[in-house]
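What follows is one structure encoded as structure tokens, with my remarks underneath.
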Amino acid sequence: MQRKTPAPLSVWRPLNLDRFLLGAPHYPEHVDESCWRRDAERMAAAGVNTVRMGEFAWHIFEPHEGKFEFGLFDRAIEVLGSAGIDTIMCTPTATPPRWLTINYPEVLRVDVNGRPASHGSRQHADTTSPVFRAHSRRITRAMAEHYRSNPRVIGWQTDNELNTTVSESFAPATRLEFQKFLQHKYGAIDALNFAWGGHFWATAYDDFSQVDLPRPLMPSYPSPGHVQDYHRFLAAATAAFQHDQVEILRAANQDWFVFHNLGQLADIDFRGQFGQDLDFIGFDIYPMLYDEMRRTGGHAATQALHLDICRAYSGNYIVPEQASGFGSQPGFSTMTPEPGEMRRMAMTSVSRGADGIMFFRWRPAHFGAEIYWMGIIDHDDVPRRRYDEASRFFHEIAAIKDQILGTVVRMDVGIAGADFDNQEAHKTYPMGLPSPLEDATFLHRHCYKQGIACGFIHPEDDLSRLKALYVPHWVMWKQEWNAAIEAFVRNGGTLILSALTGTRDENNHIVREQAPGHGLAALSGVKVTEFGRLVPEGSAGLFPLFRQAAMGAYVPPAPLPASSAERKYQFTFGNRQFEAAHLYELLEVEPDTEVLGTWSNRFCAGQPAITSRQLGKGRIVYVGTYLTQQLAEAVAETALARAGVVPLLAELPAGVEVSMREAEDRKLLFIQNTMDISVVVPGMPSGMDLLTGQFVGSIMQLEGYGCAVILLDPDR
Ligand code: GAL
């Protein structure tokens, strides 16, 4: 396997390996050694080329402090290697062993109420702790030294899903580290007092040593500047924790690739040092789990959304854990992929940028907190339908990998994403409004259903391949991005800005100019004269929200007071009438700016709500409210259509998803049937289905959960 030095982070970046990684996380420490050879043979027969091991085995690598034992994993690596299977090793820092937490109890995370984590699950250690960092370096160094010249160890995963169980800590050591971070950032305490607004509620400090960690609602709200810096600190500490490991691994063997498997995306700034340190990102995909957790409606669309969000950080990625079957921990269980669906979900991951797929997990555990989390093989050691499906998928991908590797996912519509400060800024002061991502999901969902090539992208990335860019309420917009977006628009792009964009600076202070700030008013040709809250359809009103935040517990919704329910604000856009959700803005419009939507009732009647300004060959649309599904569709019909955005397939049937991966010399159209019944796809362009070797054109039939990868004829 060859590894190239990774290119700079970009959504348009392919993987830097010449191998498509195919395999599974594997836990040889969970099964009797007598099974190992048969496991390896079955894996090889299924087409596995790589397994991932070791992420929870610190107690085996270092059973006593300073005493290292590599025998078990050495033998496992060798048995697999003799069947032609390589190993990705993991640093085992998600589970420090009991001797460590007994000898160094100060490494345990502490929750907001001051309670230290107890030993007995995982992610109990605090990655901000200097003592824990020293142990992390020690175990990483010992493992790196041991495996540096083992040809079967081809790469590393750092830790496991950092910050997924919990990202915050309120330990005394965390407080000290936070103070150091602030001292380094601000230099003088007056600068911190200015940034956090020390004259508000007498929150000013005389010295950095007085600063506490921000505890929400103890008893009221801390300053948004304080909260933002705490999360910046957590992200910096997480990056530093990982950087220690990466430095050691890179020094040991420059041919190794190093990645991290992302889980819940908390307090990690992927486009900062964290992502820059890695070869690529790994993204664990459990579509059914995430869909039910967030209730976003439909696990196929949710999976596509998550993959598109993740790709924005650094381009093509691998999936170190792709859901294969029923999954559970003691408190929940997921739906079960039906026959054919495991392959379909894996193909969706590939269609949206995965250049490596590992099904979680080779075998299920018989003990511990995930006994019903199924793997490719069943508990009784019998390979059944999941084995057959994994095997089919691995062989299919192995046969077409040369066509896939080197391609990137097409995007005609970009949604601004992957910006840590803007994500966090919303969280410091949410006001019951949807997050930028929740809002953008309406547009993403529309594009997904229509078969429009849509994804997320950071404004500092190369925008030139997009036709349109939507910015979902980025309050912390940075002036330094304006030159790039202006060039994008002048060259023919459509920029869509939305309410509250550019209203704060990097300290979470409200800007002193008329919104939208940071130069966006001049670009968009609008100025906001007034804004106010609207009660969204189905809202339970303000009081439960407030109580929920204040009491940290769920409070069942109460009916809306009649007075708020009556206050529906409407606007016309095109020739349709819309009901606005969440927020209204009244806009003052420059003479060269066209009004596309107008408030139509109550005191706002007649005032502009949605505008458009021509600039060079493109235009800037300003939407002075929040998206609803209906408004997202209307914005797409007007703004996206005018920007020249057309769906990848002319007549996409419901339940079928489509995306394109392309390189200069080829275009691959991925089509997946997300339903269990067969479907006819009309309006097919001509090309060859690489999975069947058959030529297609005009009409194609896809069986339930069927997939096709069409290499389009070159004239397309
Ligand atoms: C992932 C985690 C795995 C396993 C899996 C199934 O988030 O990385 O270790 O727990 O979920 O729950």
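Starting from 1, each residue takes its place in the sequence as its number. Whatever order the structure lists ligands and atoms in, that order sets their numbers, starting from 1.
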Identify all N/O pairs between ligand 1 and the protein with a separation under 3.5 Å and present them as a table of atom names and distances.
| unit_1 | atom_1 | unit_2 | atom_2 | d |
| --- | --- | --- | --- | --- |
| ligand 1 | 7 (O) | E161 | OE1 | 2.5 |
| ligand 1 | 7 (O) | E161 | OE2 | 2.7 |
| ligand 1 | 8 (O) | N160 | ND2 | 2.9 |
| ligand 1 | 8 (O) | E161 | OE2 | 3.3 |
| ligand 1 | 8 (O) | E321 | OE1 | 3.1 |
| ligand 1 | 8 (O) | E321 | OE2 | 2.9 |
| ligand 1 | 9 (O) | R122 | NH1 | 2.9 |
| ligand 1 | 10 (O) | R122 | NH1 | 3.3 |
| ligand 1 | 10 (O) | R122 | NH2 | 2.8 |
| ligand 1 | 10 (O) | E370 | OE1 | 3.2 |
| ligand 1 | 10 (O) | E370 | OE2 | 2.4 |
| ligand 1 | 12 (O) | E370 | OE2 | 2.7 |

Let me see the working for F178 and Y230 under ring pair (Phe, Tyr, Trp, His ring centres under 6.0 Å), right down to the final yes or no. CA-CA 7 Å; F178 182 47; Y230 176 53; 5.7 Å; yes

Run the numbers on Y104 and H135 for ring pair (Phe, Tyr, Trp, His ring centres under 6.0 Å), then give the verdict. CA-CA 10 Å; Y104 307 93; H135 284 286; 4.3 Å; yes

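Using a 4.5 Å heavy-atom cutoff, the side chains of M374 and H379 are in contact. At least one side-chain heavy atom of F20 sits under 4.5 Å from a side-chain heavy atom of I357. With a 4.5 Å cut-off on side-chain heavy atoms, F360 and I376 do not count as touching.
For the side chain to side chain contact (heavy atoms under 4.5 Å, CB included) test, residues two or more places apart in sequence or in another chain that qualify with F367 are H30.
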